[in-house]
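On a predicted model such as this, the values are computed, not experimentally measured, just so you know.
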Amino acid sequence: MLTNVIQGVWFFSAVALIALVLLHSPKGDGLGGIGGQAQLFTSAKSAEKTLNRITWTLTLIFMGLTVVLSAGWLG
């Protein structure tokens with residue numbers, strides 16, 4: 001049961017990471033280059049900073065769960 005929940009979180013983090021990495025702009029304008037600034041954020045710089053934080057958090061979750069699942073620590 002716990003393994004299935006952990007695998008679900010791991011899968012979600014993998015898919016979300018793919019989506020977030022694709023949102024990043026290689027030239028640094030990020031979400032601002034998609035066709036205007038996101039209404040959710042006050043500026044493109046703020047949007048990029050938030051996007052970076054979410055991406056790094058999901059990266060740490062994904063890598064941590066990869067280690068836990070591959071080591072077989074859940075039984």
Side-chain angles (χ1 to χ4, degrees):
M1 173 70 178
L2 180 62
T3 304
N4 291 339
V5 172
I6 298 295
Q7 286 177 342
V9 173
W10 178 76
F11 181 76
F12 170 77
S13 66
V15 172
L17 264 174
I18 292 169
L20 288 174
V21 167
L22 290 174
L23 283 175
H24 280 279
S25 173
K27 295 183 181 176
D29 36 281
L31 288 175
I34 295 178
Q37 294 183 3
Q39 297 296 322
L40 184 62
F41 304 102
T42 57
S43 69
K45 185 176 180 180
S46 172
E48 192 70 25
K49 186 176 179 181
T50 303
L51 188 62
N52 286 336
R53 285 183 180 171
I54 295 170
T55 303
W56 276 109
T57 302
L58 281 175
T59 300
L60 292 174
I61 291 170
F62 178 78
M63 295 302 288
L65 291 179
T66 299
V67 169
V68 169
L69 289 170
S70 66
W73 292 339
L74 298 175

How long is the straight-line distance from CG of L23 back to CD of E48, given to the nearest 0.5 Å?
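E48 atom CD to L23 atom CG measures 9.5 Å (nearest 0.5 Å).
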Once you round to the nearest 0.5 Å, how far does OG1 of T59 lie from CG of L17?
4.5 Å
State yes or no: do V9 and F12 share one hydrophobic cluster built from I, L, V, M, F, W and Y residues joined by side-chain heavy-atom distances below 4.5 Å, directly or via other members?
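Unlinked, V9 and F12 end up in two clusters.
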Under a 4.5 Å cut-off applied to non-hydrogen side-chain atoms, are L51 and I54 in contact?
no
All N/O donor-acceptor pairs, side-chain side in residues 62-75, below 3.5 Å, sequence neighbours left out:
unit_1: T66; atom_1: OG1; unit_2: W10; atom_2: NE1; d: 2.9
unit_1: T66; atom_1: OG1; unit_2: F62; atom_2: O; d: 2.7
unit_1: S70; atom_1: OG; unit_2: T66; atom_2: O; d: 2.9
unit_1: S70; atom_1: OG; unit_2: V67; atom_2: O; d: 3.2

